[in-house]
Amino acid sequence: MRTSEYILATLKETPSDAEIISHQLMLRAGMIRKLASGLYTWLPNGLKVLRKVESIVREEMNKAGAIEMLMPIIQPADLWQESGRWEQFGPELLRINDRHNRPFALGPTHEEVITEFVRKEINSYKQLPLNLYQIQTKVRDEVRPRFGVMRAREFTMKDAYSFHLSEECLDNTYKKMHQAYCNVFERLGLDYRPVIADTGSIGGSVSHEFHVLAESGEDAIAFSSGSDYAANIEKAEAVAPSIERPAPSKELNTFDTPDAKTIDDLKTKHGVKAHRSVKTLIAYGAPDENEKRGLVALIVRGDHELNELKAEKLDLLDSPLEFASEDDIVKAIGAKPGSLGPVGLDIPVIVDHSASVMADFVAGANKDGVHYSGINFGRDVTEFTTADIRNVVEGDPSPCGNGTLSIKRGIEVGHIFQLGTKYSEAMNAGVLAETGKNQIMTMGCYGIGVSRIVAAAIEQNHDKFGIKWPTALAPFELAIVPMNMHKSHRIPEIAERIYSELQAAGIDVLFDDRKERPGVMFNDMELVGIPHTLVIGERNLDNNQVEYKNRITGDKELIDLDEVVALLKQKVK
RNA sequence: CGGCGAUUAGCGCAGCUUGGUAGCGCACUUGGUUUGGGUCCAAGGGGUCGCAGGUUCAAAUCCUGCAUCGCCGACCA
């Protein structure tokens, strides 16, 4: 490709609405342009990279025994009603009506459509197991699109669905797909980790996420120092302390705290250490038979954070978790948030394991502007249950039993689930088993965020000049940069010759034939992130040489003209 | 969904306080100059100042509403 016939579309300045580095560089390197919030046009530079990710994913899926197909983006609402997700999915499901006013959804994922297809098409256990996938545009009306294509409203996803007769068979395919995912991220040259994950709105039992490690990641992941254990923080178990609760040594006393509404206020204004106090959070309980919701108190140590996911899974609490309004709190307890505590509450109290072993601690007195000190469980608070309801923190013991946890940030680029029969049951997808009886199929599903990988790869591979593509992803393999070609006879001649020879050798070359100054060309090629560059200039041609530069290592070397093609074929490989 | 902020040329921004015929840099066009790391000079093209209403002799500027975009929060105890 010649730049004069291409649309390089590089920008000198960073558009002001781009926050993270990958978003900035994707705009500057001419990969994407924003159409509206969370909606992006892919320009040639971006699309070439996207296609490379796709083809690696496709190859590994095929190798793992999955079969490619393609399903519609527009899906009839009745399928979603059948699975129960028309209501459950919420406003993220973008809904439209057709001209006959019939309701449809724009597919955020395809469990319903694939299950509908398989239940009609597959009749016998002899046709199982089956693993089907597609690479396709997904639509999710995100609450808050951000970070460019990282969290977009329209994005490219590879989604696979497997169908089985037994759990063992599902587990077998699940393991194969787990390995295929590892292969994909290895080949992409990314620093990634598989982690234990929650199943979220997709449902199912066993689940792993694949995270690319990066500071800008939206998820926190807990790693064990003593084993392979890694889990999304929302799923990482906080191990209950093995120590006994110390006996009370202080009397229960009140003190005035009109100025203290937060744990931080208690610390700075009253000298109470965070880990010597508790937070009391009030949420709505599960609805009773009359659909009425009471309140439930959740107690965690002052320096800990509530894990909403763990909390909402408790039977006492409503799901999804919803914090009580200030009005409801005042009505039921008689004090405002900021002065709440576990003493004398007549609503159910759930205490986190770590908080439950505290003695002589501080909390609100359920009277505005007053706190208690010297609170002790058993003596001052008698009715309560304990549970794991907090986020793990750095240094907690690992649930695997070995080592301690450390916490890093990650970008979720893949997620695999053992769904079981959630969809096949709801949609009555069965086959005739060997027994001659109908049997509901067991399902797995497997997603990779193809467009998100592009951004995640940039987060991990850049410097102050621009993107440093791993060879597997670069939009071009090699750039030819001639110095002041228009001033010379032999430079265009040699550049053209090398260009066509490299193309004939199967190398994807960008030939910068613009009438630009050298600095402009160098900067553009580095910004776009082309891994190999050939600089052709009068200076070295006098010795029948051209200069080779490597974007990743920064190495430069002079190459004899008659060795150029052979040497570059080697380097690009 | 809540809070904050922004919206002026393709991009980055100034002008708004104190109302008076819209500017800078980059990019673009033309000519010249320069040429191994974003040359320099000159001339030019490009804007219903997000939209709607109001105040005023006069609105980018003041007021009201709306829209779009972004950030933060959704852990508040």
Side-chain angles (χ1 to χ4, degrees), chain A residues 8-20 23-24 27-28 30 33-39 90-92 142-148 233-234 257 260-266 274 277-283 295 297-311 320-326 328-330 333 335-342 345 352 362-366 368-369 371 389-391 465-466 481-488 491 514-527 533 535-542 546-547 549 556 558:
Chain A
L8 201 58
T10 52
L11 301 175
K12 252 190 210 180
E13 283 172 291
T14 304
S16 58
D17 56 1
E19 179 82 353
I20 60 169
H23 187 195
Q24 295 174 354
L27 290 163
R28 289 227 292 136
R33 289 291 184 266
K34 184 171 69 184
L35 178 64
S37 178
L39 300 173
E92 252 176 54
E142 290 286 346
V143 202
R144 190 178 157 205
R146 63 185 134 174
F147 303 153
I233 199 158
E234 58 185 26
T257 51
K261 292 255 176 283
T262 64
I263 297 293
D264 205 43
D265 291 342
L266 276 180
S277 66
V278 303
K279 292 188 224 191
T280 305
L281 299 96
I282 310 295
L295 299 183
L298 301 163
I299 312 285
V300 297
R301 220 167 73 185
D303 57 335
H304 285 156
E305 288 179 349
L306 180 74
N307 181 312
E308 295 187 29
L309 201 71
K310 290 176 181 174
L321 188 81
E322 193 187 335
F323 289 103
S325 68
E326 189 167 311
D328 286 347
I329 293 174
V330 171
I333 300 174
K336 284 190 220 162
S339 301
L340 302 178
L345 284 180
D352 182 66
V362 171
N366 298 322
D368 284 340
H371 275 71
I389 54 169
R390 70 168 173 98
N391 280 336
F465 303 109
V481 178
M483 303 284 91
N484 304 303
M485 189 159 68
H486 60 286
K487 282 281 180 75
S488 158
I491 290 177
R514 292 174 297 175
K515 191 181 163 185
E516 283 290 355
R517 296 171 56 82
V520 174
M521 293 176 163
F522 291 143
N523 283 318
D524 272 348
M525 296 305 121
E526 279 156 17
L527 175 60
T533 299
V535 183
I536 303 176
E538 289 289 347
R539 205 166 73 186
N540 294 318
L541 278 186
D542 291 340
V546 292
E547 185 185 315
K549 291 202 297 189
K556 296 180 181 183
L558 292 173

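Each chain gets a letter, A, B and so on, in the order the sequences are listed, and its residues count up from 1.
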Trainee: Which part of the nucleic acid does A:K549 contact within heavy-atom distance under 4.0 Å: base, sugar-phosphate only, or nothing?
Mentor: base
Trainee: Roughly how far apart, to the nearest Å, are B:A6 and B:G15 at atom P?
Mentor: 12 Å
Trainee: Please determine, for the side chain of A:V143, which listed nucleotide (B:G38, B:C72, B:C1) has the closest atom?
Mentor: B:C1
Trainee: What distance, rounded to whole Å, do you find between the two C1' atoms, one in B:C51 and one in B:A67?
Mentor: 7 Å
Trainee: OP1 or OP2 of B:U39 sitting under 4.0 Å from any side-chain N/O of A:R517?
Mentor: yes
Trainee: Closer than 4.0 Å, any side-chain N/O of A:R144 to the OP1 or OP2 of B:C1?
Mentor: no
Trainee: A:L340 side chain: which of B:C72, B:A77, B:C69 is closest?
Mentor: B:A77
Trainee: With a non-hydrogen cut-off below 4.0 angstrom, is A:L281 in contact with a base, only sugar-phosphate, or nothing?
Mentor: base
Trainee: Using the side-chain heavy atoms of A:N391, tell me which of these nucleotides is nearest: B:C75, B:A77, B:G37.
Mentor: B:C75
Trainee: Just to be sure I understand the rule, does A:H486 reach a base, reach only the sugar-phosphate, or reach nothing, if contact means heavy atoms closer than 4.0 Å?
Mentor: base
Trainee: Could you check whether A:K487 gets within reach of a base, just the sugar-phosphate, or nothing at all, counting any heavy atom under 4.0 Å?
Mentor: base
Trainee: Between A:T14 and B:G12, does any side-chain N or O lie under 4.0 Å from OP1 or OP2?
Mentor: no
Trainee: Given B:A77, B:G37, B:A74, identify the nucleotide with an atom nearest to the side chain of A:I263.
Mentor: B:A77
Trainee: So A:G537, base contact, sugar-phosphate only, or nothing? Heavy-atom distance under 4.0 Å.
Mentor: base
Trainee: Select one nucleotide: of B:C69, B:G36, B:C11, the one nearest the side-chain heavy atoms of A:P15.
Mentor: B:C11
Trainee: Report the nucleotide, chosen from B:C69, B:G37, B:A74, that has the shortest atom-to-atom distance to any side-chain atom of A:K34.
Mentor: B:C69
Trainee: What's the closest nucleotide to the A:V535 side chain, out of B:G25, B:G36, B:C75?
Mentor: B:G36
Trainee: How far does the P atom of B:G53 sit from the matching atom of B:C16, given to the nearest Å?
Mentor: 26 Å
Trainee: If only side-chain N and O atoms of A:K12 are considered, is one of them under 4.0 Å from the OP1 or OP2 phosphate oxygen of B:C11?
Mentor: no
Trainee: Of the candidate nucleotides B:A77, B:G36, B:G37, which contains the atom at the shortest distance from the side chain of A:I329?
Mentor: B:A77
Trainee: I need the minimum non-hydrogen distance between A:E538 and A:I491, along with the two atoms involved.
Mentor: N-CD1, 3.6 Å
Trainee: Picking from B:A77, B:G38, B:G12, which would you name as closest to the side chain of A:K279?
Mentor: B:A77
Trainee: Given B:U39, B:C71, B:G36, identify the nucleotide with an atom nearest to the side chain of A:E19.
Mentor: B:C71
Trainee: Under 4.0 angstrom, heavy atoms only, what part of the nucleic acid is A:E547 near: base, sugar-phosphate, or nothing?
Mentor: base
Trainee: Mind checking the CG-NZ spacing from A:L298 to A:K310? Nearest 0.5 Å is all I need.
Mentor: 13.0 Å
Trainee: Counting the atoms with a prime plus P, OP1 and OP2 as sugar-phosphate, which does A:E526 contact under 4.0 Å by heavy atoms, base, sugar-phosphate, or nothing?
Mentor: base
Trainee: Would you indicate, yes or no, if B:C13 has its OP1 or OP2 atom less than 4.0 angstrom from a side-chain nitrogen or oxygen of A:S16?
Mentor: yes
